Structure formats: C-alpha cells, structure tokens
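Keep in mind that the numbers below use all heavy atoms, side chains included, and drop hydrogens, waters and symmetry copies. Note that the structure is predicted; figures quoted are calculated from it, not measured.
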Amino acid sequence: MIFTHDTEHALTAVVDLVNTAPAAAGEEGLPDLAALRDLLHRHRTSDVGELTDRDLEFVRGLRDRFHAVFLAAGDPPAAVALVNEVVGGVRTTPHLTDHDGYDWHVHFFAPGAPLGEHLAADCGMALAYVVAAGELDRLRTCEAPDCGRVLVDLSRNRCRRYCDSRTCGNRMHVAAYRARRKDAQAPA
C-alpha cells in the first residue's frame with residue numbers, strides 16, 4: 001500500500017467523481033440527486049445527511065476543480081495551488097474515527113458538515129498527501145485516444161495506463177495486436 005487506506009479510499013472517490021463529468025464520460029454522470037446518492041453509496045461515504053440540489057451543484061463544481069488537479073499533475077506548483085484552493089475553501093476539523101469496521105483513520109471534515117465540505121476536505125487532503133509524497137505522476141488521464149477519464153496509478157511499478165483494463169486497456173491491446181498482425185502479413 002502506497003498511501004494509508006483512508007487516503008486510497010478518498011483517491012478512488014475522487015477518480016469516480018471526476019469520471020462522472022461530461023468531459024470524461026461523454027455525458028453528465030451526476031444528472032440528479034439519485035446519481036449522487038449512488039456515488040456516495042458505492043464509496044461508503046459516511047456522515048452524509050439529507051442531500052439537496054445545492055449539494056449536487058457544489059459537488060459538480062468540486063468535481064471540475066479536482067479534474068483540474070489531474071490536468072495540472074505535470075506542473076507541481078499549479079497542482080499545489082489548486083489543492084490549496086480546494087482545502088483552504090472549507091472548514092477542516094481533523095479527527096480520528098473507526099467507523100464501519102475500519103481501523104482508526106483521520107477524517108478532515110467537520111462532523112455534520114455539508115456534503116461539499118465533506119468531500120472537499122477529505123478528498124482534497126488525499127490529493128494533498130499525493131503532492132506531499134512527491135507522487136503527482138500517479139495522477140493520470142487514460143492513455144486511450146478516445147477516453148478522457150482519469151485514474152490514480154496505485155501500482156507498485158507505476159505501469160497503469162488505462163482507466164479500466166477491461167474496456168480501454170483491452171481495446172488498445174486488441175488494436176495493437178491487429179496492427180502487428182497486419183504489419184506481419186504485409187508483403188515485403
């Protein structure tokens with residue numbers, strides 16, 4: 001494990017959130033509160049109160065700000081400024097918790113905070129840990145030419161290139177195989 005469990009969990013949530021954007025998914029992946037609830041449920045997001053349309057709009061804006069961090073990963077000062085802007089714009093109240101069967105870990109959002117603050121604090125701090133560890137190169141955009149999704153490469157040897165090995169990765173491997181076969185069959 002490169003980062004602590006809670007940091008990796010938050011990074012996974014950031015990736016899933018960013019990949020709901022029309023720029024990444026081709027359509028709006030968070031069209032309504034039901035889609036937002038589903039996203040939160042998939043990531044077992046704790047301490048979430050009643051959601052409103054205001055929460056949805058805030059999360060969509062936050063999603064764009066997180067996406068900007070991925071796009072700036074090759075420019076550490078720009079990425080730092082973006083992360084600081086996200087984290088600095090919300091109340092952070094670090095506290096230890098051991099909910100839902102997980103060992104002790106740190107939450108950075110104030111208990112009872114609105115969802116946007118919750119995600120900005122916890123996910124923003126996860127991105128801050130990536131920067132502080134000198135691991136910005138792990139924040140990537142899928143290398144498939146027709147894909148705009150992002151990923152966090154948590155592999156030991158930093159070899160992950162595609163957002164999903166079953167879709168983009170498989171498609172690219174099949175295309176490379178077909179190109180090699182075509183080249184091998186071409187008359188010399």
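Of the inter-residue distances, the one linking Arg149 atom CZ with His67 atom NE2 reads 11.0 Å to the nearest 0.5 angstrom. The distance from atom CG of Asp32 to atom CG of Leu51, rounded to the nearest 0.5 Å, is 11.0 Å. The CG atom of Asp6 sits 13.0 Å away from atom CH2 of Trp104, with the distance rounded to the nearest 0.5 Å. Between the OG1 atom in Thr4 and the NE2 atom in His9 there is a gap of 11.5 Å [rounded to 0.5 Å]. Asp103 CG to Thr97 OG1: the interatomic distance, rounded to the nearest 0.5 Å, is 11.5 Å. Atom CG of Leu119 sits about 6.5 Å away from atom CG of Leu40, to the nearest 0.5 Å.
Under the 3.5 Å distance criterion, the side-chain polar atoms of Asp153 are left unmatched by any main-chain donor or acceptor of Arg161. Side-chain atoms of Arg140 come within 3.5 Å of backbone N or O of Arg160 as a donor-acceptor pair. For Asp55 (side chain) and Thr52 (main-chain N/O), a donor-acceptor pair under 3.5 Å exists by modelled atom type.
Applying the ring-ring contact (aromatic ring centres under 6.0 Å, His included) criterion to His107, with sequence neighbours excluded, gives His95, His99, His105, Phe109.
Shown here for Ala10 and Cys123, the closest heavy-atom pair between the two residues is O-SG, 3.8 Å. Closest approach of Phe66 to Ala120, counting heavy atoms only: CZ-CA, 4.3 Å. Here the shortest heavy-atom pairing between Asp38 and Arg42 reads OD2-NH1, 2.5 Å. Contact detail for Ala72 and Ala79: the closest heavy-atom pair is O-CB, 3.8 Å. Listed here is the closest heavy atom pair of Gly148 and Ala24: O-CB, 3.6 Å.
Contact check for Leu139 versus Leu127: side-chain heavy atoms found under the 4.5 Å cut-off. Two residues are said to be in side-chain contact when any heavy atoms from C-beta on lie closer than 4.5 Å; Glu85 and Val83 fail this criterion. Residues Val86 and Leu62 form a side-chain contact, since some pair of their non-hydrogen atoms from C-beta on lies under 4.5 Å apart. In this structure, Thr12 and Val152 have side chains that are not in contact, with every pair of non-hydrogen atoms separated by 4.5 Å or more. Val15 has its side chain within reach of Phe70: a pair of non-hydrogen atoms, C-beta onward, lies under 4.5 Å apart. Side-chain contact between Phe58 and Leu115 is absent, with no heavy-atom pair separated by less than 4.5 Å. For the pair Leu17 and Leu30, the minimum side-chain heavy-atom distance is below 4.5 Å. The closest side-chain heavy-atom distance from Thr141 to Leu151 is not below 4.5 Å.
Identified under the side chain to side chain donor-acceptor pair (under 3.5 Å) test for residues 114-126, with sequence neighbours left out: Arg91-Glu117.
Val90 and Leu82 fall into different hydrophobic clusters, defined by Ile, Leu, Val, Met, Phe, Trp and Tyr side-chain heavy atoms under 4.5 Å apart, directly or through other members. Hydrophobic clustering (side-chain heavy atoms under 4.5 Å, transitive across Ile, Leu, Val, Met, Phe, Trp, Tyr) groups Leu154 together with Val130. A single hydrophobic cluster is seen to contain both Leu136 and Phe3, as judged by linkage of ILVMFWY side chains at heavy-atom distances under 4.5 Å, directly or through other members. Both Val80 and Val69 are assigned to one and the same hydrophobic cluster, defined by single-linkage of ILVMFWY side chains at heavy-atom distances under 4.5 Å.
Residue-environment remark: CZ (Arg54) stays at or below the threshold of 12 foreign heavy atoms within 6.0 Å.
Remark: Glu8 does not engage Arg138 in a salt bridge, criterion side-chain N to carboxylate O under 4.0 Å. We find that Arg60 and Glu57 are joined by a salt bridge, their nearest charged nitrogen and carboxylate oxygen being less than 4.0 Å apart.
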